[in-house]
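For reference, the structure discussed in these notes is given below.
We count ligands from 1, going down the list as the structure has it; atoms in each ligand are counted the same way. When a residue number appears, it is its place in the shown sequence, counting from 1. Only this structure's heavy atoms are used, side chains among them; waters, hydrogens and symmetry mates stay out.
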Amino acid sequence: MEILVTGGAGYIGSHTCLELIAQGHQVIIADNLSNSHRLSVERIQSISQKEIVFYEVNLCYEKAIEDIFQAHAIDAVIHFAGFKAVGESVEKPLMYYQNNLESTLVLCKTMERHKVHRLVFSSSATVYGMNSKSPIAEHASLYATNPYGRTKLFIEKILRDWSKTIPESSVALLRYFNPVGAHSSGLIGEDPQGIPNNLMPYITQVAAGRREILSIFGNDYDTIDGTGVRDYIHVMDLALGHVKALEYTLNSKVCDAFNLGTGKGTSVLELVKAFELVTGQKVPYQISKRRSGDVATCFANPTKAKNKLSWEATRDVVQMCRDSWNWQRKHPMGYLSS
Ligand code: WQD
């Protein structure tokens with residue numbers, strides 16, 4: 001099938017494109033490169049040995065999106081494009097609401113005009129807020145604690161309302177927990193701009209000598225060792241989850257949410273120690289104060305995805321650390337190192 005992947009040059013998008021190609025699909029990427037690199041598109045091509053159609057385009061520009069749908073017989077869309085930094089969203093809420101919501105509305109209107117009714121949306125476990133008890137199932141209460149999370153929550157609701165107006169539509173809302181790792185080639189990977197918000201890229205940048213020391217945000221949580229516990233999931237497992245969700249939309253006419261996680265929790269200190277063991281790289285750290293908005297523990301109940309998508313994560317923390325480091329050691333400055 002011809003799949004439009006918005007944000008396909010990004011971290012999770014690029015890995016998903018590889019998995020789509022491996023399953024025999026044609027991929028069209030629309031990405032404005034605001035938080036990704038053109039080189040990742042070239043890398044997808046060289047790894048897959050397949051030609052990728054790439055449009056450098058802002059999804060908010062209706063004409064540009066219309067042109068893509070006119071030029072290609074698109075069968076389905078996987079929608080990754082959107083701003084995703086929690087901290088930045090608190091400082092610039094209007095930018096986040098305008099970009100993330102408007103781009104989605106333009107996409108849906110264009111899909112409807114062209115009778116494209118299958119959509120996989122990149123949502124996030126952040127929609128569960130801070131009150132849900134782990135393991136978290138899809139029926140847990142939804143409550144976002146920051147503008148970024150609220151854009152994900154609002155878009156889920158927009159897609160539910162929209163899909164109700166189109167009987168033949170099918171929408172999968174994928175709620176990721178903590179994506180880490182990289183393709184085994186080490187040719188594509190996570191390349192955050194500026195200081196990494198997330199734990200794993202910070203660890204790998206310290207290991208690569210790009211950052212001096214890791215600050216662990218609090219060790220007085222009610223967890224196994226006092227540090228935050230999260231559900232880290234290998235990005236290649238996540239990519240396969242998107243392919244399975246796409247298949248699911250072929251045989252269903254619903255709008256449904258799925259957790260993509262391993263169902264296992266790992267603490268910050270456990271991840272640091274695993275990383276040092278696997279890579280032989282030291283990761284100096286200091287304990288600092290808690291980060292506002294953090295919860296002690298957050299991991300998935302992934303049963304629904306296993307039962308309805310026939311999908312479950314298979315890669316463990318060792319493989320996550322190994323593949324994250326393999327990417328970073330080959331690209332100390334990310335894609336700019338190339
Ligand atoms: C993980 C743990 C931190 C950095 C975020 C977003 C969520 C989703 C995934 C997009 C926590 C600790 C972190 C550091 C640290 N993104 N930590 N030092 O906060 O679980 O989720 O990313 O959808 O929306 O909220 O991930 O990697 O930031 O933090 O100690 O330098 O690592 O306190 O316990 P988080 P994270």
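- The shell of residues lying under 4.0 angstrom from ligand 1, judged by heavy atoms, excludes Phe299.
- Given atom 1 (C) of ligand 1, the protein heavy atom at minimum distance is Tyr232 OH, 3.5 Å.
- Not one N or O on the side chain of His72 forms a donor-acceptor pair closer than 3.5 Å with the backbone of Ile74.
- Taking the six-membered ring for Trp and the full ring otherwise, the centers of Tyr176 and His242 sit less than 6.0 Å from each other.
- Checked options Leu214, Val180, Thr266; the residue passing with Leu199 is Leu214 (criterion: side-chain contact (heavy atoms from CB on, under 4.5 Å)).
- Atom NE2 of His183 sits about 8.5 Å away from atom CD of Glu19, to the nearest 0.5 Å.
- Taking a cut-off of under 4.0 Å to the non-hydrogen atoms of Tyr148, the atoms of ligand 1 that pass are 10 (C), 23 (O), 24 (O).
- When each of Arg329, Arg322, Gln328 is paired with Asn326, the side-chain hydrogen bond (donor to acceptor under 3.5 Å, both in side chains) condition holds for Arg329 and for no other.
- Heavy atoms of Tyr221 come nearer than 4.0 angstrom to ligand 1 in no pair at all.
- When heavy-atom distances to ligand 1 are checked against a 4.0 Å cut-off, Ser215 comes that close only through its backbone atoms N, CA, C and O.
- Residue Ile216 has at least one heavy-atom neighbour below 4.0 Å for each of these atoms of ligand 1: 30 (O).
- Polar contact with ligand 1: absent for Met200 (N/O pair, distance under 3.5 Å).
- By the 3.5 Å distance cut-off applied to N or O atoms, Asn198 is counted among the residues near ligand 1.
- The residues Lys308 and Glu138 are annotated as not salt-bridged, no charged nitrogen and carboxylate oxygen being separated by less than 4.0 angstrom.
- Nearest protein neighbour of atom 29 (O) of ligand 1, counting heavy atoms only, is Arg291 NH2, 3.3 Å.
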Go through the steps for Leu59 and Asn32 under the test side-chain contact (heavy atoms from CB on, under 4.5 Å), then give the verdict. CA-CA 8 Å; Leu59 276 176; Asn32 66 359; over 6 Å; no

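- Under a 4.0 Å heavy-atom criterion, Arg230 is in contact with ligand 1.
- Of the heavy atoms in Leu199, both backbone and side-chain atoms come closer than 4.0 Å to ligand 1.
- When hydrogens are left out, the protein atom nearest atom 12 (C) of ligand 1 is Val268 CG2, 3.7 Å; that is the closest non-hydrogen contact.
- Residue Val295 places no N or O, backbone or side chain, under 3.5 Å from any N or O of ligand 1.
- Salt-bridge formation is not detected for the pair Lys157/Asp161: no Lys NZ or Arg NE/NH1/NH2 atom is positioned less than 4.0 Å from an Asp or Glu carboxylate oxygen.
- Heavy-atom proximity to Val86, at under 4.0 Å, picks out these atoms of ligand 1: 6 (C), 25 (O).
- Relative orientation of the Trp325 and Phe275 rings is perpendicular, given thresholds of 30° and 60° on the angle between their planes.
- In terms of heavy-atom proximity, Gln286 sits nearest to Ser215 at NE2-OG, 2.9 Å.
- In this structure, the protein non-hydrogen atom closest to atom 7 (C) of ligand 1 is Ser124 OG, 4.2 Å.
- Of all the heavy atoms of Asn197, the ones lying under 4.0 Å from any atom of ligand 1 belong exclusively to the backbone.
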